Each structure stands twice: as structure tokens, then as C-alpha cells.
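Only one structure is covered here, and it is reproduced in the block below.
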Amino acid sequence: GGAPASAPAVERVLADERRAGLDTLEPYRRFAEQVQVTKRRLLAFLLAAKERGDSIAGYGAAAKGNTLLNYCGIGTDFLDYVVDRSPHKQGRYLPGSHLPIHPPSRLAETRPELVFILPWNLKEEIMEQMAAVKEWGGSFFVAIPEVGICG
């Protein structure tokens, strides 16, 4: 019998969680509020862009960005299409939003005013790869950590 060898490690993790307040609902409530604020700011940003007559394309057809689009209810009413480097995704549609997925060359063909970088953790790399967007006066933006133009 006796306790498994991992018991002290588990106790350390539980103690760390208690110290961080993760044994209460408060951090989760704050997170939920922040998610709602981001959604409202993103929708306000997109509405203002559409009011100006801007065209908007998305960059990156990964699950992370698609979850954001679906949570916010963003589809073809706001974004014209999404581009992705993966040939396996091109010619398909994002689940939920039904946004068509094109190769990145589509950006140069249509020259949108705004490019929404969906994998926000890769924004620097994407802005570097897609520097041509700046040449026609286009801008990049992200929703996380803050909604707004970047670069």
C-alpha cells in the first residue's frame, strides 16, 4: 500500500494553485470578462473598417484563429476570405464561418486594406513574409493581446 511516489508532486501543484488563487472562481471570471471585452473590441474594429469601405482578409486557417472567428460570429460579412500557406487547406472553407481559404498570393491579387493575422503569436513572422501588403498601403491587425493595427 502506501501513497504513490507522485503524491508530493501533486501536493506541490495544488499548493501552487491555491497560492495563485486558482482554487476560486475569480481568475476564471476575470478571464471570461476579458474574452468578452476582446470580442466587443474586435467587432467594433471590424464594423468601423466596413463602414469606411475597407476590404478585409484573414491570414492563417489554424484552429486557434478559427475558434476566435466562430466565438465572435465573424464570417463572410466581415472577411472576404482567409489565406493559408498549406496546400491541403487551400480550396476548402473554414468550419463554421464558411470563409474560403486561398493561397497567400490571393492577397496581392485583391489588395485588401486590412489583413487580420489570426495566429497572433506569429504576427512578426507573417508581417515579414507578407511585407508586400504595406506596398499597396495595406495594414495588418490582430485581436490578441489587444485589438488593433500592428507593425
Side-chain angles (χ1 to χ4, degrees), residues 12-151:
R12 275 196 304 276
V13 170
L14 291 173
D16 288 346
E17 288 180 355
R18 279 191 296 276
R19 271 194 300 278
L22 297 179
D23 58 338
T24 69
L25 283 177
E26 193 48 38
Y28 304 101
R29 200 173 285 122
R30 280 196 309 268
F31 175 75
E33 285 169 15
Q34 189 54 52
V35 167
Q36 291 167 359
V37 166
T38 296
K39 176 180 179 175
R40 288 193 299 270
R41 287 181 181 160
L42 176 57
L43 290 171
F45 180 91
L46 292 170
L47 280 167
K50 283 302 186 186
E51 291 290 319
R52 288 192 307 270
D54 288 355
S55 60
I56 309 169
Y59 188 104
K64 169 192 285 196
N66 194 51
T67 299
L68 175 67
L69 294 177
N70 284 319
Y71 172 74
C72 295
I74 296 165
T76 53
D77 48 348
F78 287 112
L79 302 187
D80 301 335
Y81 58 86
V82 171
V83 300
D84 196 278
R85 292 172 59 184
S86 169
H88 303 294
K89 294 179 182 180
Q90 296 163 9
R92 297 178 183 269
Y93 293 84
L94 279 178
S97 65
H98 304 293
L99 285 158
I101 304 168
H102 296 282
S105 59
R106 179 89 170 145
L107 293 174
E109 293 164 14
T110 65
R111 298 181 168 212
E113 280 83 11
L114 293 168
V115 176
F116 186 3
I117 300 175
L118 294 164
W120 55 87
N121 57 314
L122 303 176
K123 77 176 183 185
E124 302 301 329
E125 179 185 325
I126 292 166
M127 286 172 23
E128 204 172 289
Q129 288 169 4
M130 304 305 300
V133 169
K134 297 280 194 186
E135 291 170 18
W136 68 72
S139 299
F140 297 98
F141 73 98
V142 292
I144 296 169
E146 291 289 322
V147 176
I149 300 291
C150 49

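Residue numbers run from 1 in the order of the sequence given. The model shown is predicted, which means the values in this text are computed figures rather than measured ones.
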Taking K123 for its side chain and V142 for its backbone only, find out whether a donor-acceptor pair lies under 3.5 Å. no
Determine yes or no for a side-chain-to-main-chain donor-acceptor pair under 3.5 angstrom, with D84 supplying the side chain and K89 the backbone.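 Side chain of D84 to backbone of K89: no pair is present.
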In Å, rounded to the nearest 0.5 Å, how long is the span from [atom1] of [X] to [atom2] of [Y]?
X	Y	atom1	atom2	answer
I56	K50	CD1	NZ	5.0 Å
K39	I74	NZ	CD1	9.0 Å
E124	M127	CD	CE	5.0 Å
L122	W120	CG	CH2	10.0 Å

Show every donor-acceptor pair shorter than 3.5 Å between a side-chain atom in residues 99-110 and any protein atom, with sequence neighbours excluded, or say none if there are none.
residue	atom	partner	partner atom	Å
T110	OG1	Y81	OH	2.4
T110	OG1	R106	O	3.2

Should [X] and [Y] count as side-chain neighbours, where that means a heavy-atom distance under 4.5 Å?
X	Y	value
R52	E113	no
Y71	L42	no
S97	N66	yes
E17	D23	no
V115	I126	no
K64	N121	yes
T76	H98	no
D54	P112	no

Compare every heavy atom of F140 with every heavy atom of M130, then report the nearest pair and how far apart it is. O-CZ, 3.3 Å
So, for Q129 and Y59, which heavy atoms are closest and what is the spacing to 0.1 Å?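 Reported closest heavy-atom pair: OE1-OH, 3.4 Å.
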Verdict with supporting geometry, V133 and S139, side chain to side chain contact (heavy atoms under 4.5 Å, CB included): CA-CA 7 Å; V133 169; S139 299; over 6 Å; no
Apply side chain to side chain contact (heavy atoms under 4.5 Å, CB included) to residues L114 and I149 and explain how you reach the verdict. CA-CA 9 Å; L114 293 168; I149 300 291; 3.6 Å; yes
Around atom OH of Y93, are there more than 12 heavy atoms from other residues, nucleotides or ligands closer than 6.0 Å? no
Whether over 12 other heavy atoms sit under 6.0 Å from E146 CD: no
For residues 25-38, dump all side-chain donor-acceptor pairs below 3.5 Å to protein atoms at least two apart in sequence or in another chain.
residue	atom	partner	partner atom	Å
E26	OE1	R29	NH1	3.1
Y28	OH	L22	O	3.3
T38	OG1	Q34	O	3.1

How would you list, by chain and number, every residue that makes a ring-ring contact (aromatic ring centres under 6.0 Å, His included) with F116, sequence neighbours excluded?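 By the ring-ring contact (aromatic ring centres under 6.0 Å, His included) rule, F116 matches F141.
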